[in-house]
Amino acid sequence: MPEGPSIVILKEAVQPFIGKKVRYASGNTKKVDTSLFCGKTVIDFKSWGKHFLICFPDITIRIHFMLFGSYRINERKETSPRLGILFEDETELNFYACSVQLITEPLDAVYDWTADVMNEQWDEEKALNKLKQRPHMLACDALLDQNIFSGVGNIIKNEVLFRIRVHPESRIGAIPAEKIKELLVEAVRYSFQFLEWKMEFTLKQHWLAHNKSICPRDNVRFQRAYLGKFKRRSFFCTNCQVLYLKD
DNA sequence: TGGAATGTTGGAAC
DNA sequence: CGTTCCAACATTCC
């Protein structure tokens with residue numbers, strides 16, 4: 001569920017709910033008083049990376065699906081929803097096992113839209129500058145940094161590094177400028193590719209590195225390790241992915 | 001079938 | 001004060 005492209009799919013799916021008025025909201029969320037939304041009209045749905053945003057005129061609901069979250073549109077699961085919204089026309093949105101938060105400030109004050117790899121305001125130049133400020137950072141950590149590559153998750157990280165042939169433990173400051181450019185371009189390109197494949201239900205079969213045991217380029221066994229400060233699974237080939245270390 | 005996983009947060013430890 | 005580590009959360013899949 002949770003990487004950026006999946007949230008974009010959700011955002012598209014709920015477009016028909018824009019303009020609908022909430023009849024009743026409930027759920028087992030402890031963070032938010034669901035009665036706040038009753039009678040309010042949805043004016044928009046937005047996303048920032050892995051954040052899904054339900055916008056009302058004065059407040060916004062922020063949903064983060066974490067690792068296990070899920071949703072149903074005009075359907076219900078057996079389990080009780082973390083947040084369920086029933087609209088006046090009897091349609092409904094249900095969210096499960098997710099983090100729910102209320103945002104009262106203007107969204108532009110909360111979110112840097114230029115950091116979201118799937119947003120039309122994505123700014124490669126700004127991302128490049130953020131990378132330049134952290135030369136000591138590992139490539140695998142950089143891709144997972146939501147302030148630089150909002151929406152990128154562990155799958156996208158592994159696929160991007162494999163595609164551009166960069167070892168996950170490479171230091172950002174040691175990677176040649178052309179490779180950094182490739183990193184920036186591929187993070188966006190693969191995210192949209194992920195979106196297409198996910199919609200076709202063919203995402204997994206297109207994985208080249210993530211969850212794979214053999215490198216498809218040279219038939220060598222992939223290394224598998226929990227790398228970087230995030231300690232997330234990395235799949236990488238020491239044959240074709242270059243380790244850049246020196247400055 | 002137990003363990004691991006597309007993720008983040010908050011607090012402790014250093 | 002920054003960083004790093006860890007538990008917690010809670011579901012699905014192999």
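Heavy-atom basis, side chains included; hydrogens, waters and symmetry copies ignored.
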Can you see if the side chain of [X] gets near the phosphate of [N] - specifically, an N or O under 4.0 Å from OP1 or OP2?
X: Lys50(A); N: dG7(B); value: yes
X: Lys77(A); N: dA10(C); value: no
X: Tyr226(A); N: dA4(B); value: no
X: His210(A); N: dT6(B); value: yes
X: Arg232(A); N: dT6(B); value: yes

(message) Please tell me whether Tyr111(A) and His51(A) form a close aromatic pair, meaning their ring centres lie under 6.0 Å apart.
(response) yes
(request) May I ask you to check whether Tyr96(A) and Tyr71(A) place their ring centres under 6.0 Å from each other? (result)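 No: the rings miss the under 6.0 Å criterion.
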(request) Before giving the answer on salt bridge (Lys or Arg N to Asp or Glu O under 4.0 Å), spell out for Asp145(A) and Lys229(A) the whole-Å C-alpha distance, their side-chain angles and the decisive distance to 0.1 Å. (result) CA-CA 10 Å; Asp145(A) 188 323; Lys229(A) 71 170 176 179; 5.1 Å; no
Expressed as a whole number of angstroms, how long is the span from [X]:[atom1] to [N]:[atom2]?
X: Phe230(A); N: dT8(B); atom1: CZ; atom2: P; answer: 8 Å
X: Leu144(A); N: dA5(B); atom1: CG; atom2: P; answer: 14 Å
X: Ile155(A); N: dG7(B); atom1: CD1; atom2: C1'; answer: 12 Å
X: Leu138(A); N: dT4(C); atom1: CG; atom2: P; answer: 10 Å
X: Asn28(A); N: dC9(C); atom1: CG; atom2: P; answer: 13 Å
X: Lys229(A); N: dC6(C); atom1: NZ; atom2: P; answer: 16 Å
X: Arg233(A); N: dC14(C); atom1: CZ; atom2: P; answer: 13 Å
X: Asp141(A); N: dG7(B); atom1: CG; atom2: C1'; answer: 14 Å

(request) Kindly compute the distance separating CD (Gln101(A)) from OG1 (Thr60(A)), expressed to the nearest 0.5 Å. (result)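 So the CD of Gln101(A) and the OG1 of Thr60(A) are separated by 12.0 Å.
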(request) Grab the stems for DNA chain B, please: at least three consecutive Watson-Crick or wobble pairs, both distances below 3.5 Å, written as range with range. (result)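 Stems (3+ consecutive pairs) listed as B:2-5 with C:11-14, B:7-14 with C:2-9.
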(request) Specify the residue among Lys204(A) and Ser80(A) whose closest nucleotide of DNA chain C lies further upstream toward the 5′ end. (result) Ser80(A)
(message) On DNA chain C, does the nearest nucleotide to His136(A) precede the nearest nucleotide to Lys30(A) from the 5' side, or the other way round? Give the residue.
(response)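 With His136(A) and Lys30(A) compared, the 5'-side residue is His136(A).
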(message) I'd like the P distance from dC6(C) over to dA5(B), given in whole Å.
(response) 16 Å
Under 4.0 Å between a Lys/Arg side-chain N and an Asp/Glu carboxylate O for [X] and [Y]?
X: Glu3(A); Y: Lys198(A); value: no
X: Arg134(A); Y: Asp141(A); value: no
X: Glu92(A); Y: Arg76(A); value: yes

Of the nucleotides [options], which has the atom closest to the [X] side chain?
X: Phe68(A); options: dA10(C), dT6(B), dT9(B); value: dA10(C)
X: Lys231(A); options: dG7(B), dC5(C), dT8(B); value: dC5(C)
X: Ala97(A); options: dT11(C), dT9(B), dG7(B); value: dT11(C)

(request) State, without any angle test, whether Lys11(A) and Ser47(A) hold a side-chain donor-acceptor pair at a distance under 3.5 Å. (result)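 Distance-only check passes for Lys11(A) and Ser47(A).
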